Amino acid sequence: MPVLSPTWTDERIELLKQHFEAGLSCREIAADIGVSRNAVIGKLSRLNLTRSRAVEDRRLERSLAPPARATRAVPRLQYEMLATIYGETGAPVMAGPIDDTNRCSLLELSENRCRWPISSPGEEDFCFCGNAAPDGQPYCAGHSRLAYRPNSRARVMRG
DNA sequence: CCCTGATTCGC
DNA sequence: GCGAATCAGG
């Protein structure tokens, strides 16, 4: 990977459009791509992808949809998870209390097994964590910590 | 004050 | 073209 930041490559623009069409907020898009929020907005404007000036509408939709879940953990984005796992220097930490003795294949996955991927798809050793996943959670306790951020201002989205 | 997206304008 | 600063709305 180059040291310099190539700003807006075709791939980043694709991600931008994809996330935009997916309905993600500019903040989320920016976090996932790894640029500032203004950079995303600026680029969207240059691409004529702005949703006019209907910011209010989107905010209202989210505000009017608070079904239960007082404190909710929001899923981490790929960019953030990778940053958490590999750290700033690129050193693979993964020092969490995660057992690697229950790994299983895709076919062996079940509703109560951790779906955290081990290695990469297509690789010979590609498999899943396979640890016990409480509730209907997709991950075990250790990997949930990586996949979710208990943080966030999910409280009630204020008013 | 926090958030959001949109526009402006110097680079 | 880029994006921080700024603006505007909630």
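The sequence lines fix the lettering, A, B, ..., with proteins before strands; numbering per chain opens at 1. Nothing here was measured: the structure is a model prediction, and the numbers come from that model.
One atom, CG of L47(A), and another, C1' of dG1(C), lie 11 Å apart when rounded to the nearest Å. In this structure, W8(A) atom CH2 and dG3(C) atom P are separated by 7 Å, rounded to whole Å. Rounding to whole angstrom units, CG of residue L16(A) and P of dG3(C) are separated by 11 Å. One can place CG of L44(A) at 15 Å from P of dG1(C), the figure rounded to the nearest angstrom. The distance between atom CZ of R46(A) and atom P of dA6(B), rounded to the nearest whole Å, is 13 Å. One interatomic measurement links the two molecules: CD1 of I41(A) to P of dA8(C), which rounds to 16 Å at whole-angstrom precision. Rounded to an integer number of Å, the gap from N48(A) CG to dA6(B) P is 12 Å. dA6(B) atom P lies 7 Å from atom CZ of F20(A), rounded to whole Å.
Qualifying side-chain contact (heavy atoms from CB on, under 4.5 Å) partners for R37(A), counting only residues two or more places apart in sequence or in other chains: C26(A), R27(A), A30(A), I41(A). Among residues two or more places apart in sequence or in another chain, the side-chain contact (heavy atoms from CB on, under 4.5 Å) test is passed with S110(A) by N112(A), R113(A). Under the rule for a side-chain hydrogen bond (donor to acceptor under 3.5 Å, both in side chains), the partners of E108(A) that lie at least two apart in sequence or sit in another chain are S105(A). When the side-chain contact (heavy atoms from CB on, under 4.5 Å) test is applied to A31(A), the partners found at least two apart in sequence or on another chain are L77(A), E80(A). The side-chain contact (heavy atoms from CB on, under 4.5 Å) search around I33(A) returns W8(A), R12(A), L15(A), L16(A), I29(A), V35(A), not counting sequence neighbours.
A close approach under 4.0 Å does not occur between any side-chain nitrogen or oxygen of R27(A) and OP1 or OP2 of dC3(B). OP1 and OP2 of dG3(C) both lie 4.0 Å or more from every side-chain N or O belonging to K43(A).
For the segment residues 29-39 of chain A, residues with any heavy atom less than 4.0 angstrom from an atom of DNA chain C are, sorted by number, S36(A), N38(A), A39(A).
Ring geometry for W116(A) versus H143(A): interplanar angle under 30°, hence parallel rather than tilted (30 to 60°).
Within the 4.5 Å cutoff, no side-chain heavy atoms of T9(A) are placed close to those of E14(A).
Ranking dC2(C), dA6(B), dT4(B) by closeness to the T7(A) side chain, first place goes to dC2(C).
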